[in-house]
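As structure tokens, the structure follows; a few thoughts come after it.
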Amino acid sequence: MDNSVNDRNVEKLIKGLESFHLATDDEKINRFLLYYNVLIEWNSFMNLTTITDFEEVVLKHFIDSISLIKAIPDLSEKNYKLIDIGTGAGFPGIPLKIIFPNLEVTLLDSLNKRINFLNEVINRLELKNIEAVHGRAEDYAKPDKLREKYDICVSRAVANMAVLSEYCIPFVKQGGYFAAYKSDKAADEFEGAVNAIDMLGGKYEKQVEFYLPSSDIYRNIILIRKNSKTSLKYPRKAGIPGKEPLI
């Protein structure tokens, strides 16, 4: 195990989880430690994250991912189907799966090398009811794929709210939620995305603002409720949402 992982570090992870009123156990903690080790191992030969210090990974990746509990408090009580769009190194989907094993999770990413990494993590951590899918959101949001099959869609992807909404809302069932993890520019982004969200069948539910535990790192989650089916013309073809966001 990496020398940077010591009892004090693990205590930070435990305290971070406790700040969300989440109980944990040795099995979950050991999975996070193994996840970290696999992340650092693979990061040595492919670009997964610029954050490699254990304490920073705990705070900025693990705890940040799990912060969804602040927006959707019953994550541990229901067997939600959740999809993580543009999951990258597995954030937030894998930390959510570790803490809430009742979730059925799909990790979607467009880069096959990352899918190989995610499958390695899933196998090494012995996670069940979770899959990594190689593809673009524009393709998998089609009716014969994964369209409107999920209770929750999450994304920490770096894209503005209008673009993310077009990628993510089509995956959500009516009555389900799209949760966008955001930082300090969320309010401005949201103002410019209101019409797009409405066009896609969504409606603003709430914005949850907070600081990551024992830090000055501001975060917020914008929660969109899916009220009606998304028109089949969305999402548009690959590349168009980013170049021409809905307004």
Side-chain angles (χ1 to χ4, degrees), residues 1-18 20 22-69 75-76 81-137 140 152-158 181 212-213 215 217 219:
M1 187 171 290
D2 190 281
N3 290 333
S4 69
V5 180
N6 55 40
D7 290 342
R8 180 174 61 83
N9 296 132
V10 173
E11 188 64 23
K12 286 207 167 200
L13 174 57
I14 294 170
K15 286 187 177 298
L17 296 173
E18 288 176 346
F20 297 144
L22 293 170
T24 189
D25 53 42
D26 288 345
E27 183 178 48
K28 290 175 181 176
I29 294 299
N30 287 335
R31 279 186 165 136
F32 277 116
L33 297 180
L34 183 53
Y35 187 11
Y36 173 76
N37 287 341
V38 178
L39 177 69
I40 297 306
E41 175 189 331
W42 281 61
N43 203 58
S44 67
F45 56 84
M46 63 181 286
N47 182 26
L48 291 167
T49 179
T50 57
I51 300 169
T52 56
D53 174 76
F54 181 76
E55 290 193 18
E56 284 199 85
V57 171
V58 165
L59 184 64
K60 296 177 181 178
H61 285 326
F62 296 167
I63 299 301
D64 185 47
S65 293
I66 296 160
S67 67
L68 181 64
I69 188 70
L75 282 176
S76 63
K81 287 188 67 173
L82 178 147
I83 186 167
D84 178 4
I85 301 296
T87 186
F91 307 119
I94 290 178
L96 287 169
K97 179 63 182 178
I98 293 172
I99 290 297
F100 307 110
N102 51 296
L103 297 177
E104 184 178 333
V105 175
T106 298
L107 308 170
L108 182 67
D109 198 86
S110 61
L111 189 63
N112 199 47
K113 289 192 297 184
R114 286 197 288 259
I115 296 300
N116 293 336
F117 164 74
L118 296 169
N119 282 324
E120 176 78 0
V121 173
I122 289 167
N123 291 332
R124 294 271 293 273
L125 273 59
E126 299 181 346
L127 298 173
K128 307 300 180 186
N129 293 319
I130 180 171
E131 64 174 348
V133 176
H134 175 226
R136 301 178 69 97
Y140 272 87
I152 302 169
C153 179
V154 295
S155 185
R156 288 174 81 215
V158 181
Y181 289 66
L212 293 179
S215 80
I217 301 172
R219 289 287 190 266

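The analysis underlying the following values was restricted to heavy atoms, covering all of them including side chains, and did not include hydrogens, waters or symmetry mates. Heads up: numbering here begins at 1 and tracks the sequence.
- Classification of the H61-F91 ring pair by plane angle, with boundaries at 30° and 60°, yields parallel.
- Within 6.0 Å of CG in D25 there are more than 12 heavy atoms belonging to other residues, nucleotides or ligands.
- A heavy-atom distance below 4.5 Å is not found between the side chains of T49 and V57.
- Taking each heavy atom of H134 and S110 in turn, the nearest pair found is NE2-O, 3.1 Å.
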Next on the checklist: Quick one, K97 with L107, criterion side-chain contact (heavy atoms from CB on, under 4.5 Å). Give me CA distance, side-chain angles, the key distance, then yes/no.
Outcome noted: CA-CA 11 Å; K97 179 63 182 178; L107 308 170; over 6 Å; no
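- Side-chain contact between I152 and L75 is present, with at least one heavy-atom pair separated by less than 4.5 Å.
- Summarising the geometry, atom CG belonging to N123 is positioned 11.0 Å from atom CG belonging to L118; distances are rounded to the nearest 0.5 Å.
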message = Show, in sequence, the C-alpha distance, side-chain angles and deciding distance for I217 and L59, and conclude whether the side-chain contact (heavy atoms from CB on, under 4.5 Å) test is met.
response = CA-CA 9 Å; I217 301 172; L59 184 64; 3.7 Å; yes
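- A distance-only check finds a donor-acceptor pair linking the side chain of S155 to the backbone of I85 [under 3.5 Å].
- For the pair I83 and K81, the minimum side-chain heavy-atom distance is 4.5 Å or more.
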Residue pair V38, L34: steps toward the side-chain contact (heavy atoms from CB on, under 4.5 Å) verdict: CA-CA 6 Å; V38 178; L34 183 53; 4.2 Å; yes
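- Y35 and F117 get closest at one heavy-atom pair: CE1-CZ, 4.2 Å.
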**Prompt:** Passes side-chain contact (heavy atoms from CB on, under 4.5 Å), V58 versus I63? Steps please.
**Reply:** CA-CA 6 Å; V58 165; I63 299 301; 4.1 Å; yes
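- The minimum heavy-atom distance linking D109 with T87 is given by the pair OD1-N, 3.6 Å.
- Annotation for L96 and I66: closest pair CD2-CA, 4.0 Å, computed over non-hydrogen atoms.
- When the side-chain hydrogen bond (donor to acceptor under 3.5 Å, both in side chains) test is applied to R31, no partner is found at least two apart in sequence or on another chain.
- We find the NZ-CZ distance between K60 and R219 to be 8.0 Å, quoted to the nearest 0.5 Å.
- Summarising the geometry, atom OH belonging to Y181 is positioned 8.0 Å from atom CG belonging to D84; distances are rounded to the nearest 0.5 Å.
- Residue V121 is tested with L39, I94, I130 for a side-chain contact (heavy atoms from CB on, under 4.5 Å); the sole match is I94.
- Between K12 and E55 the shortest heavy-atom distance is NZ-OE1, 3.3 Å.
- To the nearest 0.5 Å, the span separating CG on L22 from CZ on F100 amounts to 4.5 Å.
- Once rounded to the nearest 0.5 Å, the distance linking CD1 of I98 with CD of E27 reads 10.0 Å.
- Interatomic distance, N37 CG to F32 CZ, rounded to the nearest 0.5 Å: 13.5 Å.
- Among residues two or more places apart in sequence or in another chain, the salt bridge (Lys or Arg N to Asp or Glu O under 4.0 Å) test is passed with E120 by R124.
- Here the closest heavy-atom approach between residue F54 and residue V10 is recorded as CE2-N, 4.3 Å.
- Side chains of N116 and W42 form a contact here, defined as non-hydrogen atoms less than 4.5 Å apart.
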